[in-house]
Amino acid sequence: MGTVDTRTRIRRTNAAIAILVVVVAVLVVSVLARHHGSGSTGAPDSAARQRSGSVDSPARRNPGDPLALGSPEAPVVLVAYEDFRCPFCAEFATDALPKLVDRYVEPGVLRVEWRDYPIFGEQSIRAAKAGRAAARQHRFWEFERTVYSHAPEHGHPDLPPEKLVRYAEQAGVADIERFRADMRSPEVATALRADRSEGVRVGVSSTPTFLVNGRPIMGAQPFEVFASAVEQAAEQAGPR
């Protein structure tokens, strides 16, 4: 009996080893097949996309968009994810942006598209709604310049409702009662959510974040950094 039991255990052990070998072989073949398939298609996966340092441009190019500067046909689009309470957004708006407008937007090379990405609490959300309300009276960029021109050198500004109304008046918003009502409108809230969802999708984690034809630029970089990115993107894009 002992000999029979021993032989049985040996057969069972050998069978288990054989099954294990087959399973390992199948797994190896599967991994190699996936690797070969991803390489043969030529389509970049998410890891390759991250290594390349770019994403698909979320540019909308909507004609008449009051939150955009420049022609919808410009070969380069800079999408800016900003928060009105962000000090580095204010730095970009008062330093690099006017130079970009003079050198690239006005000649038709560059289009700038604003995206609301409020991350500094309820005041940021309220300020974003105020910007949208000003945009409904075609005074968004005047409002943007007014808010950022009053930003403190350090820290986040307080933007209570009465201050936002005052900034709207300074920006030339004619109908303040309509401005107040538009800040509360469901359409404005929906637009903010859409910008937020887009930013999350493309990987925005802080403000300001910029995409120049899909190439990310983080923070309020010097004008030369943006100029270099715009010129490289324009060269790659060619004429539209």
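Annotation for F226 and Q221: closest pair CE1-O, 3.3 Å, computed over non-hydrogen atoms. The two residues A74 and V77 come nearest to each other via the heavy atoms O-CG2, 4.5 Å. In terms of heavy atoms, E113 sits closest to R61 at OE2-N, 2.8 Å. Counting all heavy atoms, side chain and backbone alike, V230 lies closest to V109 at CG1-CG1, 4.2 Å. Taking every heavy atom of both residues into account, E144 and A93 meet most closely at OE2-CB, 3.4 Å. A pairwise comparison of heavy atoms in A90 and A151 identifies CB-CB, 3.7 Å as the closest pair.
Distance check, rounded to the nearest 0.5 Å: OG1 of T146 to NZ of K163 gives 13.0 Å. To the nearest 0.5 Å, atom OH of residue Y81 and atom OG of residue S206 are 12.5 Å apart. Distance check: E231 CD to Q236 CD gives 12.5 Å after rounding to the nearest 0.5 Å. Annotation: the span from D83 atom CG to S124 atom OG amounts to 3.5 Å, rounded to 0.5 Å. The distance from the CD atom of Q137 to the CZ atom of R178 is 4.5 Å, given to the nearest 0.5 Å. Considering OG of S71 and CD of E106, their distance stands at 13.0 Å, rounded to 0.5 Å.
Proximity of P118 to R85: side-chain heavy atoms (C-beta onward) are nowhere separated by under 4.5 Å. Using a 4.5 Å heavy-atom cutoff, the side chains of P87 and P152 are not in contact. Put simply, the side chain of M183 reaches to within 4.5 Å of the side chain of L164, judged on heavy atoms. Residues F179 and V165 are in side-chain contact: their nearest non-hydrogen atoms beyond the backbone lie under 4.5 Å apart. Using a 4.5 Å cut-off on side-chain heavy atoms (C-beta onward), R111 and P72 make contact.
Crowding of E153 atom CD: a count of heavy atoms from other residues, nucleotides or ligands under 6.0 Å not exceeding 12. Around the CD atom of E162, the shell of radius 6.0 Å holds more than 12 heavy atoms that belong to other residues, nucleotides or ligands. Atom CZ of R60 is surrounded by more than 12 heavy atoms from other residues, nucleotides or ligands within 6.0 Å.
Scanning for side-chain hydrogen bond (donor to acceptor under 3.5 Å, both in side chains) contacts around K99 gives D95, with sequence neighbours left out.
When atom types are taken as modelled, the side chain of R139 and the backbone of A134 share no donor-acceptor pair closer than 3.5 angstrom. The backbone N or O of R145 lies less than 3.5 Å from a partner atom in the side chain of S149, making a donor-acceptor pair. At distances below 3.5 Å, not a single donor-acceptor pair connects side-chain atoms of N213 with backbone N or O atoms of A234. Counting only distance, with no hydrogens or angles, the side chain of R126 and the backbone of L159 share a donor-acceptor pair below 3.5 Å.
Salt-bridge annotation for E82 and R115: absent, with no side-chain N of the basic residue lying under 4.0 Å from a carboxylate O of the acidic one.
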Task: Verdict with reasoning, L211 to R215, per side-chain contact (heavy atoms from CB on, under 4.5 Å) - done: CA-CA 5 Å; L211 294 175; R215 172 189 169 186; over 6 Å; no
- [ ] Before giving the answer on salt bridge (Lys or Arg N to Asp or Glu O under 4.0 Å), spell out for E198 and R196 the whole-Å C-alpha distance, their side-chain angles and the decisive distance to 0.1 Å.
- [x] CA-CA 5 Å; E198 178 189 288; R196 176 72 181 183; over 6 Å; no
- [ ] Show the numbers, then the answer: is there a side-chain contact (heavy atoms from CB on, under 4.5 Å) between V200 and Y117?
- [x] CA-CA 9 Å; V200 170; Y117 207 76; 3.6 Å; yes
Task: side-chain contact (heavy atoms from CB on, under 4.5 Å) between F223 and L100, intermediate numbers included - done: CA-CA 8 Å; F223 166 72; L100 289 170; 3.7 Å; yes
TODO: Decide side-chain contact (heavy atoms from CB on, under 4.5 Å) for I176 and E169; before the verdict, give the C-alpha distance in whole Å, the side-chain angles of both, and the deciding distance to 0.1 Å.
DONE: CA-CA 7 Å; I176 294 300; E169 292 172 338; 3.5 Å; yes
Task: Working for side-chain hydrogen bond (donor to acceptor under 3.5 Å, both in side chains), residues E142 and Y167 - done: CA-CA 9 Å; E142 292 81 3; Y167 287 161; over 6 Å; no
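In the hydrophobic cluster analysis, where Ile, Leu, Val, Met, Phe, Trp and Tyr join through side-chain heavy atoms closer than 4.5 angstrom, V112 is grouped together with V212. Under a hydrophobic clustering in which Ile, Leu, Val, Met, Phe, Trp and Tyr are joined whenever their side-chain heavy atoms come within less than 4.5 Å, directly or via other members, V147 and F88 fall into different clusters. When the side chains of ILVMFWY residues are joined at heavy-atom separations under 4.5 Å, either directly or via intervening members, W141 and V188 end up in two distinct hydrophobic clusters.
Residues F143 and F84 bring their aromatic ring centres within 6.0 Å. In summary, the aromatic rings of F92 and F210 are positioned with their centroids under 6.0 Å apart.
Residue L192 shares its hydrophobic cluster (ILVMFWY side chains chained together at separations under 4.5 Å) with I125. Through side-chain heavy atoms spaced under 4.5 Å, either directly or across other Ile, Leu, Val, Met, Phe, Trp or Tyr residues, M218 is tied to no other residue.
Cation-pi check for R132 over F140 is not met; the charged atom does not lie both under 6.0 angstrom from the ring centroid and within 45 degrees of its normal.
Looking at Y148 and E91, their side chains never bring a donor and an acceptor atom within 3.5 Å of each other.
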